[in-house]
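Here's the structure, in structure tokens; my notes come after.
Just so it is clear: chains get the letters A, B, ... in the order the sequence lines come, proteins before strands, and each one is counted from 1.
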2 protein chains.
Amino acid sequence: MSIEEDKQKQRQRAPSQRALESRARILDAAERVFARGGFDAATMRDIAAEAGVPVGLVSHHGGTKEALFAEVVARRADELSTARLQALAEVQAATEPGAGADAAALLRAFIGPYVARAEAGGAQWLAYARLVAMVSSDPRWQGLAQQHFDPTARRFVVELGRVYPQAEPAAVAECYVYAISAMLALLTSRWRIAALSGGQEGGDLEGLIAFCAAGVAARLGGVQR
Amino acid sequence: MSIEEDKQKQRQRAPSQRALESRARILDAAERVFARGGFDAATMRDIAAEAGVPVGLVSHHGGTKEALFAEVVARRADELSTARLQALAEVQAATEPGAGADAAALLRAFIGPYVARAEAGGAQWLAYARLVAMVSSDPRWQGLAQQHFDPTARRFVVELGRVYPQAEPAAVAECYVYAISAMLALLTSRWRIAALSGGQEGGDLEGLIAFCAAGVAARLGGVQR
DNA sequence: GTCTATAATGAGATAGAC
DNA sequence: GTCTATCTCATTATAGAC
């Protein structure tokens, strides 16, 4: 460890405690501000004010506005990918060989880690969900999406295809896109659900999985093997 | 007609053919440019260039940037609401009294008119779908959404609640939000479906309705009355 | 590392000629 | 109605003091 640190010193000093805090505060603030109105509505001044630091410090730690955005996206995407792949491994370990996993378990492995973090009081995770929705739907950020979201998505599509081997690959991908959009809707649009049902709170993980699992089963082949 | 025109003259002259064309070109161009990167990424200069008119003319016809945005949203929302309510009336007319409509027919009445317009070579409708997704998810445009989307949405939630009378209102609204988000995903993310399935084209109205109808049935009560 | 001051750019809106 | 020129303001990024 200490040797590693010495290696780093060839390039730069170890960051001070205060510097690390500033950096984290700036990233968190940027996440919230970007989530509010998208990349263009956010200004470096908004982010600085939200973080409680001077404007210049945002550029110093985050680089350009685009680099800051990319870093915000990457930070949580990595944690999420790891959690999802681990949940997937657990599902596969719990399935007896030859039987094959079922769609609900796969969906839970993919959707569960995110919803769990958001529901554990994760205001930052909710803000991040709005960011994910933007990055996923705006061709402008296609590069970011490919780098951070696609690998896990492909893996999930492959596993879902194993459950429904007779289904067309495009239909499997279609179901994946529907499920993800519903997940993001749950995370970002609880207020709308409440507004449409007279103020009643609504929407949870189990309801979402029930909806998606049935949808997948109906779309990909009626009878599940 | 001529008398009507004279009445108008008290306030303003009847618009010339060219003026009407300019106005329509500007609205169409604004729709595309707003759809590309959202409200803030769009500039009045982009819109003018896309429409092939000088910058000043955009303000002249569209007013402020916000007014222009609101007008773009309103224009198609009204057409869509009418088509959806008409389709709903047809569904109810075709259902024998006492039997009750089924969820798939309701979904088709709500989703069909939009997808049909988009699939009939409607590049502008696809651009508009991206706008709808933005307006629906950004609290900044809550007023626009309430004015133009909520009335039809509420109507649909009510009808869906009739099909599943034992379901909680919040669960019905939840299903509505999932279905709409999946519809928007189909319209805006065909490229992603293709990318995830190795270039194969995928996603159509019937698949979407199959997915959503099964999801609704599973979420709202298993057995349909 | 932290913070201030400023340079350079590009935005929305509008006044006024045609 | 159409188009040009311009006003005013807010933005990003950075140079340089501490």
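A salt bridge links R108(A) to E206(A): at least one charged side-chain nitrogen sits closer than 4.0 Å to a carboxylate oxygen. Between R190(B) and E201(B) there is no salt bridge, since no side-chain nitrogen of the basic residue lies less than 4.0 Å from a carboxylate oxygen of the acidic one.
The nearest whole Å value for the distance from the NZ atom in K65(A) to the C1' atom in dT9(C) is 14 Å. Atoms CG (L68(A)) and C1' (dT11(D)) sit 15 Å apart, rounded to a whole Å. In this structure, CE of M44(B) is placed 17 Å from P of dT4(D), rounded to the nearest angstrom. Atom CD of E66(A) and atom C1' of dA13(D) are 13 Å apart (whole Å).
Axis angle, first five pairs versus last five pairs of the helix from dG1(C)-dC18(D) to dC18(C)-dG1(D): 0°, rounded to 10°.
Taking the six-membered ring where the residue is Trp, the centroids of F110(A) and Y176(A) are separated by under 6.0 Å.
Picking from dT2(C), dC3(D), dG12(C) the nucleotide with the shortest atom distance to the side chain of R18(B) gives dC3(D). Of the candidate nucleotides dT2(D), dA13(C), dA13(D), dA13(C) has the atom nearest to the side chain of T64(B).
Near DNA chain D, meaning a heavy atom under 4.0 Å away, the residues from residues 46-61 of chain B are P54(B), G56(B), L57(B), H60(B), H61(B).
In this structure, T43(B) does not reach the dG10(C) phosphate: none of its side-chain N or O atoms is under 4.0 Å from OP1 or OP2. At the phosphate of dT2(D), OP1 or OP2 sits under 4.0 Å from a side-chain N or O atom of S22(B).
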Run the side chain to side chain contact (heavy atoms under 4.5 Å, CB included) check on E159(B) and R154(B) step by step: do they pass?
-> CA-CA 9 Å; E159(B) 296 299 331; R154(B) 282 176 197 283; over 6 Å; no
Kindly indicate, with the supporting measurements, whether the criterion side chain to side chain contact (heavy atoms under 4.5 Å, CB included) is fulfilled by D28(B) and R75(B).
-> CA-CA 10 Å; D28(B) 283 347; R75(B) 191 174 51 146; 3.1 Å; yes
Could you go through the side chain to side chain contact (heavy atoms under 4.5 Å, CB included) check for S136(B) and I180(B) one step at a time?
-> CA-CA 10 Å; S136(B) 302; I180(B) 290 304; 5.8 Å; no
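Relative to the ring axis of F211(A), R219(B) does not place its NZ or CZ within 45° and under 6.0 Å from the centre.
Annotation: Q124(A), atom CD; neighbour count of heavy atoms from other residues, nucleotides and ligands within 6.0 Å is above 12.
Applying the 3.5 Å distance criterion, the base of dG10(C) shares no donor-acceptor pair with the side chain of R45(B).
Defined by atom type and a distance below 3.5 Å, a donor-acceptor pair is missing between the side-chain atoms of S81(A) and D78(A).
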